[in-house]
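What you see is a predicted model, and the numbers here were worked out from it, not measured in a lab. Each ligand, and each atom within it, is numbered from 1 in the order the structure gives.
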Amino acid sequence: MEVQACHFYLLSQFLSPYSNKREDEYGGDCPGPHRFLRQVIEAIRRRVGDGPLLSCRINGIESIETDSVFRKATQIGRILEKAGADLIHVSGVKRAIKVSYEGKTYTRLVAALTNEDPPGSFVDVAFRIKQSVSIPVIVSGKIFSPALGESILQQGKADMVAFGRQMLVNDRFGRFLYEGRANELKQCTECYTCLQCLIDGGPGRVSVESWVV
Ligand SMILES: Cc1cc2nc3c(=O)[nH]c(=O)nc-3n(C[C@H](O)[C@H](O)[C@H](O)COP(=O)(O)O)c2cc1C
Ligand code: SF4
């Protein structure tokens, strides 16, 4: 099971200085902002016992890559390990956009990487986290080719890689890898159709090109 503590969902809102403006024991400096996530992980671990694997997905980067952001991510990694997580899954948020809802404009930090972002944008921070914990680290985010995934693993930057849009473009992604047919995989063109649906709040769509064999 995986606890979603990234992309500015509730748990992630507590962790981030962008959104946590609290003045009680869940805000302020460390350990306040981490308290809620730690309590959730500890409570799940108590409830399910030692058996089931418990992963937690966090923002490695929030909009900007700085040393202090990296340090904060490694600190969260250590807290997760201590609280009983078995795996840490590193994603992140690279930019903010303006969205309108019921006549008001809001700033929204966007989870998905765009074609302006380099492949494997969260690999460096995943590696930093990996160096400071002893549990395995998963990394996701524009790891579009199995070859890139393999090189991340070979270089010891992460213990596992996760694929997102490649699974939308290739409905038999896992089977093709298993059968050694990686060269037959179609590529995500980063047209953003599927992700725009999230921003617009409408029904899910993918580009027609995604499904052309
Ligand atoms: C169509 C679509 C829907 C997504 N929905 C969510 C979501 O509801 N919650 C979330 O945290 N991330 C969501 N994501 C982000 C993915 O979890 C993942 O972090 C992202 O796609 C990065 O992997 P990729 O670059 O390989 O696609 C979504 C991504 C796509 C493409
Ligand atoms: S709709 Fe576009 S961005 Fe989404 S998976 Fe298909 S090609 Fe990639």
Give a yes or no on whether the backbone of Ser151 and the side-chain of Gln155 come within a donor-acceptor separation of less than 3.5 Å.
yes

Quick check: does Cys191 put an N/O/S atom under 2.8 Å from atom 2 (Fe) of ligand 2?
yes

Tell me every residue that passes salt bridge (charged side-chain N to carboxylate O under 4.0 Å, His left out) with Glu179, counting only those two or more places apart in sequence or in another chain.
Arg175, Arg181

Tabulation required: pairs of a nitrogen or oxygen in ligand 1 and a protein nitrogen or oxygen under 3.5 Å; columns are atom names and distance to 0.1 Å; otherwise 'none'.
unit_1, atom_1, unit_2, atom_2, d
ligand 1, 8 (O), Tyr9, OH, 3.1
ligand 1, 9 (N), Tyr9, OH, 2.7
ligand 1, 11 (O), Gln4, NE2, 2.5
ligand 1, 11 (O), His7, ND1, 2.7
ligand 1, 12 (N), His7, ND1, 3.2
ligand 1, 17 (O), Arg57, NH1, 2.9
ligand 1, 19 (O), Arg57, NH2, 2.7
ligand 1, 25 (O), Lys142, N, 2.7
ligand 1, 25 (O), Arg165, NH2, 2.9
ligand 1, 26 (O), Gly164, N, 2.9
ligand 1, 27 (O), Arg165, N, 2.8
ligand 1, 27 (O), Arg165, NE, 2.8

Could you tell me, atom by atom, which parts of ligand 2 come under 4.0 Å of a heavy atom of Arg165?
3 (S), 5 (S)

First locate atom CD1 of Ile138, then atom OG of Ser55, and finally report the distance between them rounded to the nearest 0.5 Å.
4.0 Å

Measure Val169 to ligand 2 on non-hydrogen atoms and call it side chain, backbone, both or neither using the 4.0 Å cut-off.
side chain

Assess whether a salt bridge exists between Asp86 and Arg45, defined as any Lys/Arg side-chain N lying under 4.0 Å from an Asp/Glu carboxylate O.
yes

Can you confirm whether more than 12 heavy atoms, excluding those of Asp29, are under 6.0 Å from its CG atom?
no

Would you say Cys194 reaches atom 8 (Fe) of ligand 2 with an N/O/S atom under 2.8 Å?
no

Without swapping roles, check the side chain of Lys94 against the backbone of Asp117 for a donor-acceptor pair under 3.5 Å.
no

Is the ring pair Phe14/Tyr26 parallel, tilted or perpendicular, if the boundaries are 30 and 60 degrees?
perpendicular

